[in-house]
Number of protein chains: 2
Amino acid sequence: MPQHEPLPRDPIAEARRNWEREGWTQAAGPMAAVTSIMRAQQLLLGQADRILKPFRLTFSRYEVLALLSFAREHKMLMKKASALLQVHPTSITNAVDRLEDAGLVRREPVSTDRRAVNVALTLEGLEIVEQASRALNEQLFLTTGFEEQEVETIVAALSGFRARSGDFTAPENLPVSLPPSPPAAS
Amino acid sequence: MPQHEPLPRDPIAEARRNWEREGWTQAAGPMAAVTSIMRAQQLLLGQADRILKPFRLTFSRYEVLALLSFAREHKMLMKKASALLQVHPTSITNAVDRLEDAGLVRREPVSTDRRAVNVALTLEGLEIVEQASRALNEQLFLTTGFEEQEVETIVAALSGFRARSGDFTAPENLPVSLPPSPPAAS
DNA sequence: GGTCGATAGTGGTACGTCCAACTATAACGG
DNA sequence: CCGTTATAGTTGGACGTACCACTATCGACC
């Protein structure tokens with residue numbers, strides 16, 4: 001499945017040893033973690049794109065569709081999609097351009113703000129995203145081989161990292177020491 | 001540091017709840033893990049590129065330099081660099097083009113194989129990569145905020161995943177509970 | 001009610017990645 | 001020795017992302 005044939009040794013483990021030999025022992029672990037994340041992302045994205053190819057989708061376009069499929073009335077402001085998917089607004093413009101060409105979404109004006117644009121899922125878009133979700137679940141998410149415990153650690157550790165990086169506030173997944181109640185149940 | 005202001009809630013936790021509500025409970029955890037990895041990579045890469053900007057480097061070009069800095073005589077076949085960094089050969093061509101323009105590496109012919117090309121670090125390249133490594137260690141790897149235990153779990157889980165994906169054989173980092181011997185040592 | 005700073009979205013550019021196709025060379029097999 | 005196949009690297013194109021600059025509109029304040 002990877003585009004190279006397997007290497008005899010793990011290059012990241014190798015890099016970690018190099019780092020330690022260099023005396024950067026404190027940084028070696030996180031370096032390996034960061035590099036592992038980069039490689040894993042590359043593999044996961046490649047795999048996802050391969051799975052989605054029959055649907056003429058890429059993962060980033062799929063993410064837009066999936067987001068809309070959970071939105072009220074299957075529509076959402078461009079701005080909000082950009083914020084929730086945490087990509088640059090131009091990336092949304094790009095994705096929506098292509099999705100619109102494919103007839104999977106529609107741009108709609110917003111009556112209360114003539115600057116803004118709503119993206120709405122079309123019927124065909126809804127069908128496609130349902131099929132694509134099933135394919136991703138079966139062929140990617142259920143086959144990662146991560147153990148339950150690994151999943152939880154990864155999600156928690158990266159959630160903490162994302163929160164620290166300013167991705168979001170209200171770290172709902174951080175250990176236990178939360179202020180008991182954000183007053184609004186929004 | 002992120003290009004958006006923080007969201008009030010974690011969109012990945014939200015997506016996980018949506019997945020569960022949809023009945024995809026088995027896939028929900030891995031979906032969250034995969035999505036977390038994708039977002040974390042995006043943040044890490046952006047941060048790395050920002051740190052490397054003063055050196056007129058990107059992370060992928062830095063990776064080439066770092067690889068060479070640990071190689072015998074600071075040189076390596078393009079092919080080998082491509083395999084070790086696990087990117088498509090064209091990505092190496094691209095990176096080496098730019099690094100060569102910047103005077104940080106040099107292409108050299110290989111006497112024993114006229115198809116092949118060696119990439120060699122220049123003196124300036126060696127200086128730059130040392131400074132860049134220090135900057136990355138201080139500003140990225142030492143500041144991820146990952147706890148020791150998280151680092152080890154991430155590295156181990158992703159190492160297992162990469163091995164299963166065919167990235168490399170000889171899973172040196174896998175826990176202990178392996179099927180003692182797949183009969184063929186292929 | 002007009003000015004002036006924020007905001008929503010888009011166009012253009014730069015960069016990294018992959019893929020398909022291509023050139024040149026090497027290695028193998030008759 | 002020659003034809004076939006494999007390998008190393010490059011070129012050109014598609015796509016996703018970020019950044020900058022720009023337009024249009026909103027909103028807030030005097």
Side-chain angles (χ1 to χ4, degrees), chain A residues 1-5 38-39 41-53 56-64 76-102 105 107-119, chain B residues 1-5 38-39 41-53 56-64 76-102 105 107-119:
Chain A
M1 200 95 341
Q3 43 282 39
H4 309 282
E5 48 204 78
M38 303 252 185
R39 295 271 175 277
Q41 187 267 354
Q42 191 174 0
L43 290 167
L44 288 165
L45 184 61
Q47 182 67 14
D49 283 343
R50 238 168 280 133
I51 293 167
L52 293 173
K53 191 152 199 181
R56 300 177 157 282
L57 284 178
T58 62
F59 189 68
S60 58
R61 280 179 248 169
Y62 164 77
E63 280 188 297
V64 174
M76 184 179 287
L77 290 176
M78 301 278 286
K79 179 61 201 267
K80 188 164 185 188
S82 159
L84 289 177
L85 295 177
Q86 306 189 240
V87 292
H88 201 274
T90 51
S91 296
I92 298 292
T93 295
N94 185 335
V96 169
D97 282 350
R98 297 171 195 279
L99 289 169
E100 200 169 27
D101 287 348
V105 303
R107 275 181 169 94
E108 295 177 347
V110 177
S111 57
T112 60
D113 185 344
R114 286 191 300 177
R115 293 169 305 180
V117 176
N118 258 324
V119 198
Chain B
M1 200 87 352
Q3 44 281 37
H4 309 281
E5 48 205 77
M38 303 250 186
R39 295 272 175 277
Q41 187 267 354
Q42 192 174 359
L43 289 167
L44 288 166
L45 185 60
Q47 182 67 13
D49 283 345
R50 238 168 279 133
I51 293 167
L52 292 172
K53 191 153 198 182
R56 302 176 155 280
L57 285 177
T58 61
F59 189 69
S60 57
R61 281 178 247 170
Y62 165 78
E63 280 188 296
V64 174
M76 184 178 286
L77 290 176
M78 300 278 286
K79 179 61 200 266
K80 188 165 186 188
S82 159
L84 289 178
L85 296 177
Q86 307 189 240
V87 292
H88 201 274
T90 51
S91 298
I92 298 292
T93 296
N94 185 336
V96 169
D97 282 350
R98 298 171 195 279
L99 289 170
E100 200 169 27
D101 286 349
V105 304
R107 275 181 168 94
E108 294 177 348
V110 177
S111 57
T112 60
D113 185 344
R114 286 193 299 177
R115 293 169 305 180
V117 176
N118 258 324
V119 198

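When reading the values below, keep in mind they use all heavy atoms of this one structure, side chains included, and skip hydrogens, waters and symmetry mates. Letters go in sequence order (proteins before strands), and every chain restarts at 1.
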Distance check needed: dG16(D) P versus D49(B) CG, whole Å only.
19 Å

For DNA chain C, whose closest nucleotide is more 5', that of N94(B) or that of S111(B)?
N94(B)

Side chains of T58(A) and L52(A): does their closest heavy-atom pair fall under 4.5 Å?
no

Give the rounded distance in Å between these two atoms: CG of L85(A) and P of dA18(D).
11 Å

Could you state the atom-to-atom distance from CZ of R114(A) to C1' of dG27(D) in whole Å?
14 Å

For R115(A), side-chain hydrogen bond (donor to acceptor under 3.5 Å, both in side chains) partners two or more places apart:
D113(A)

Mind checking what makes side chain to side chain contact (heavy atoms under 4.5 Å, CB included) contact with E108(B), not counting sequence neighbours?
K75(B), R106(B), N118(B), A120(B)

For the side chain of S82(B) and the backbone of V87(B), is there at least one donor-acceptor N/O pair under 3.5 Å apart?
yes

Suppose the criterion is salt bridge (Lys or Arg N to Asp or Glu O under 4.0 Å): which pairs have a residue in residues 80-98 of chain B, not counting sequence neighbours?
D97(B)-R107(B)

Between atom CD in Q41(A) and atom P in dT17(C), what is the gap in whole Å?
11 Å

Where protein sits on nucleotides 7-14 of chain D, one letter per nucleotide: B base, S sugar-phosphate only, - none, heavy atoms under 4.0 Å
BSSBBB--

Could you tell me the separation between the CZ atom of R56(A) and the C1' atom of dC15(D), rounded to a whole number of Å?
15 Å

Suppose the criterion is salt bridge (Lys or Arg N to Asp or Glu O under 4.0 Å): which pairs have a residue in residues 83-96 of chain A, not counting sequence neighbours?
none

Report the distance from atom CG of L57(B) to atom P of dA14(C), rounded to the nearest whole Å.
19 Å

Separation of atom CZ in R50(B) from atom C1' in dT17(D), rounded to whole Å:
13 Å

Considering residues at least two apart in sequence or located in another chain, which fulfil the salt bridge (Lys or Arg N to Asp or Glu O under 4.0 Å) criterion with R61(A)?
none

Indicate whether OP1 or OP2 belonging to dG16(D) is found under 4.0 Å from a side-chain N or O atom of T58(A).
yes

From CD of E63(A) over to P of dC15(D), roughly how many Å is that when rounded to an integer?
18 Å

Report yes if at least one side-chain N or O of Q42(B) is closer than 4.0 Å to OP1 or OP2 of dA18(D); otherwise report no.
yes

